[in-house]
Amino acid sequence: MAVGQGHVVKRSLLNSARFRGIVYQVVVVAVVLAVGWYLVRNTLVNLEARGIATGLDFLEREAGFGIGESLIAYSPADSYLHALAVGLLNTLQVSVLGIVVATVIGLVVGISRLSGNWLVARLATLYVEGVRNIPLLLQLFVWYGLVTALPGPRQALNPLPGIFLSNRGLKVPLPEAHPLYPWLAVALVVGLLAAWGVRRWALRRHARLGRPFPWILTGIALVLGLPAAVFVAGGAPLVWVVPQLRGFNFVGGGALSPEFAALLAGLSVYTAAFIAEIVRSGILAVPVGQTEAAQALGLSRAKTLRLIVLPQALRVIIPPLSSQYLNLTKNSSLAVAIGYPDLVSVANTTINQTGQAVEGVGVVMAAFLTISLALSLLMNWYNERVALVTR
Amino acid sequence: MIDRQPHDHSATGVAAADVEEPSAVSLQPPGPPRLLGWARENLFGSVPNTVMTLLALALLWEVLPPFLSWALVHAQWGGDGAACRQAEGACWALVGERHRLMLFGVYPYDQHWRPLLATAILVTLLATSAVRAFWRPWLLWAWLAGFAGIALLMWGGVLGMPYVETDMWGGLPLTLALAVLGIALAFPLSIVLALGRRSELPVIRAFSVAYIELVRGIPLVSVLFMASVMFPLFLPEGVTIDKLLRALVGMVLFTAAYLAEAVRGGLQAVPRGQEEAADALGLSYWRKMRLIVLPQALRLVIPPIVNQFISCFKDTSLVTIVGLYDLLAATKAALADPEWRPFFVEGYVAAALVYWSFCFFMSRYSQWLEHQLATGQKR
């Protein structure tokens, strides 16, 4: 074909990849819509045949069932929405506490596995390999069985004065509420902000003048000292409310229900094994040359860990760690098997009572998706902050 | 032969007595006995180390003798519940008496040879697939034949075997079948999802991303509830599907999302140049995927798939919540008897041993396989 003849080859539309792509997408959308319409139509027909209503109006109806434990006030006369909120708070409560406990245990076990002490390293390995390969539900059953096999309140175990362990839960003494205590919380927040401010100032000063400042100790002193100062200034009011045995149970003081204790223990121990592996792989991922160079510079072991190894290890640890946190939150849904009233358990009861399965499952999915989305955003933000700046 | 006798080598005639006589020593460097040296270095190397060792030894001393005495020395190995109550040790008689219920669920008692044979076939197939030398096309046919045989054995109805409906299936065969079928059926779906997530067509990418992120954000319990409660609503009136199929579909949909992420990792590891070269050669999208990209990607994905199989195997224990009798639910049912209820620890320990041995060996295999595949790729 000579240039300049102005002759254009006519191509069939089918040969255009763009056209084919559009056709494929249109076909996929059509199929998905058709299948979706078919399923929705069947669902509506079936729901009508069984006399089940649709829509979210049921959320305002009276729940009519009790919930074993709740962070906020709840009675069977409250609405389903209130019951689901109680369930969500229970899930968040056990998840947050589980995350904290699991991280602490996981850190300790992970670092122990790298210890030079053969015995400690082997014990940590035994723990990790033993717990990781047994299903969580089985571990929860064992924990729950152990907790319910404890003696009754009348023969409760008393490991420390004021602390009672029985099959009705763990009872601990709590200080009586006093108007000074909210101020302690305020002092704690002020202390945290002040510690953060001291850190910023100290690091800036170090970068500018080269003079270090013990900001860690100062920060700890602020966080602990300010509330302590407020406490002492207020006259140090401390009246313990000790649990007393009345009849068949203890009254007064703080309580941890057996279901909550079993769930917390099971979730923490299980997730800690995975966190230990993540921590270990993170520390091993830092090249040995970094530690050797730090030692050549004369840094102590503690300084090496804090300034050289941990920041690099954290870069490797944080992404899988956050997905383990998410796993723990999702695994808390197993509470339905041991009777702890978390979101899935309450939603299950709601579905059983109202028959509105689609809306109930939708509520549960929306709640978990929100939590996982929030956690992903947090993780992405942190990742971007510590990411290696590459050319 | 080293001459140890002192000689007068010096030209100036230095007296032999002035030269130090080497003593008759061995060639080994001197030192303490080997075990003690190892202990000194690894257990008592420094003060913190010594403290940790002593603490660990104290912990073991507190825990190990009572545990061994409970589990082995004073344990009751045979007999019934009454004998167990009198003994102060572990009641392994529970396992002896109830192991058939724990392993096979509520399957008819005299037909237990059928699920046993089905489990044996499944384990043999798994062991055969583990050997790389057998990764040939005939393995696929062997699996299909194995599944057909297992279905035949479990359902029965032909060859003189009485028909057993799926509601009666339970125990270890159910756990293994759910795990293997879950992974096997989720695998094609996961490849489609992973390819869809990398697609340039925005609609398909949106659907894939939405599915994967949606399913990965919710717990398996929710998916199983959804499957068992909502599937009957999706079907036209009069059509029912049995509980096992609902649970299986739930597991497949759940596992496919996680596997899709693993496959996506494998796809990303294939160099872009391969795809570009395939495009330059004029290969269509599906030819490119089938002949060039997927064979390389799936090879990298095998260790994560084995890991996902381990997770899937542990997750089958969740089907107890929707009413199926897998190994864990059967154990729980075996413990529901008032005669055996106080000995729940022994029952759960027995079930835990079964799960642990499967998962531990699979994880060891996965590490070995990863090592093998990686060394194969090093030039």
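The analysis underlying the following values was restricted to heavy atoms, covering all of them including side chains, and did not include hydrogens, waters or symmetry mates. None of these values were measured; they are calculated from a predicted model. Residue numbering restarts at 1 for every chain, and letters A, B, ... go by the order of the sequence lines.
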> Got a sec, which residues hit side-chain hydrogen bond (donor to acceptor under 3.5 Å, both in side chains) with B/D326, two or more places apart in sequence or on another chain?
Replying inline: B/Y355
>> What part of B/L335 gets within 4.5 angstrom of chain A, counting heavy atoms only: side chain, backbone, both, or neither?
In response: neither
>> Can you list the residues of residues 135-142 of chain A that sit under 4.5 Å from chain B, counting heavy atoms only?
In response: A/P135, A/L137, A/L138, A/F141, A/V142
> Measuring from B/M102:CE to B/L328:CG, what's the distance to the nearest 0.5 Å?
Replying inline: 9.5 Å
> Highest number of heavy-atom pairs under 4.5 Å with chain B: which of A/G145, A/A347, A/A357?
Replying inline: A/G145
> Under a 4.5 Å heavy-atom cutoff, which of B/E200, B/M362, B/M230 has the most pairs with chain A?
Replying inline: B/M230
>> Counting only non-hydrogen atoms closer than 4.5 Å, does A/V120 touch chain B with its backbone (N, CA, C, O), its side chain (CB onward), both, or neither?
In response: side chain
> Side chain, backbone, both or neither: which part of B/I321 has a heavy atom under 4.5 Å from chain A?
Replying inline: side chain
> Which answer fits B/F234, side chain, backbone, both or neither, if we ask what part of it has an atom under 4.5 Å from a heavy atom of chain A?
Replying inline: both
Return all side-chain donor-acceptor pairs below 3.5 angstrom for residues 208-223 of chain B, not counting sequence neighbours, or 'none' if the list is empty.
{"from": "B/S208", "atom 1": "OG", "to": "B/I204", "atom 2": "O", "distance (Å)": "3.0"}
{"from": "B/Y211", "atom 1": "OH", "to": "B/L253", "atom 2": "O", "distance (Å)": "2.8"}
{"from": "B/E213", "atom 1": "OE2", "to": "B/R197", "atom 2": "NH1", "distance (Å)": "3.4"}

> Does any heavy atom of chain A fall under 4.5 Å from the side chain of B/L201, the backbone, both, or neither of them?
Replying inline: both
> What are the two closest heavy atoms between A/G87 and A/V346, and how far apart are they?
Replying inline: CA-CG2, 4.0 Å
> chain B heavy atoms under 4.5 Å from A/R41: which part of the residue, side chain, backbone, both or neither?
Replying inline: neither
> Which pairs count as side chain to side chain donor-acceptor pair (under 3.5 Å) when at least one residue sits in residues 346-355 of chain A, sequence neighbours excluded?
Replying inline: none
> For the residue pair B/C359 and B/F313, what are the closest heavy atoms and their distance?
Replying inline: SG-CD2, 3.7 Å
> Using a cut-off of under 4.5 Å for heavy-atom pairs, which of A/L326, A/V32, A/L123 has the most such pairs with chain B?
Replying inline: A/V32
> Non-hydrogen atoms of chain A under 4.5 Å away: do they reach the side chain of B/T320, the backbone, both or neither?
Replying inline: side chain
> Closest heavy-atom contact between A/P319 and A/M379?
Replying inline: CA-SD, 4.0 Å
>> Using 0.5 Å steps for rounding, measure from the CG atom of A/L263 to the CD1 atom of A/I338.
In response: 4.5 Å
>> Once you measure the plane-to-plane angle for B/F254 and B/Y258, does it fall in the parallel (<30°), tilted (30-60°) or perpendicular (>60°) bin?
In response: tilted
> Side chain, backbone, both or neither: which part of A/A49 has an atom under 4.5 Å from a heavy atom of chain B?
Replying inline: side chain
>> With a 4.5 angstrom heavy-atom cut-off, is it the side chain or the backbone of B/P342 that approaches chain A, or both, or neither?
In response: neither
> In this structure, are over 12 heavy atoms from other groups packed under 6.0 Å from B/K314 atom NZ?
Replying inline: yes
> Based on non-hydrogen pairs under 4.5 Å, which of B/L59, B/V203, B/L60 is most in contact with chain A?
Replying inline: B/V203
> Which residue out of A/L44, A/V364, A/I134 racks up the most heavy-atom pairs below 4.5 Å with chain B?
Replying inline: A/I134
>> Quick check on B/Y325: does its OH atom have over 12 non-hydrogen neighbours (other residues, nucleotides or ligands) under 6.0 Å away?
In response: no
> Nearest 0.5 Å, what's the CG-CZ distance between A/N133 and B/R364?
Replying inline: 9.0 Å
> Do you know which of B/L224, B/V322, B/I241, B/V319 makes side chain to side chain contact (heavy atoms under 4.5 Å, CB included) with B/R246?
Replying inline: B/I241
> If you count heavy-atom pairs under 4.5 Å between each of A/A337, A/G130, A/S112 and chain B, which one has the most?
Replying inline: A/G130
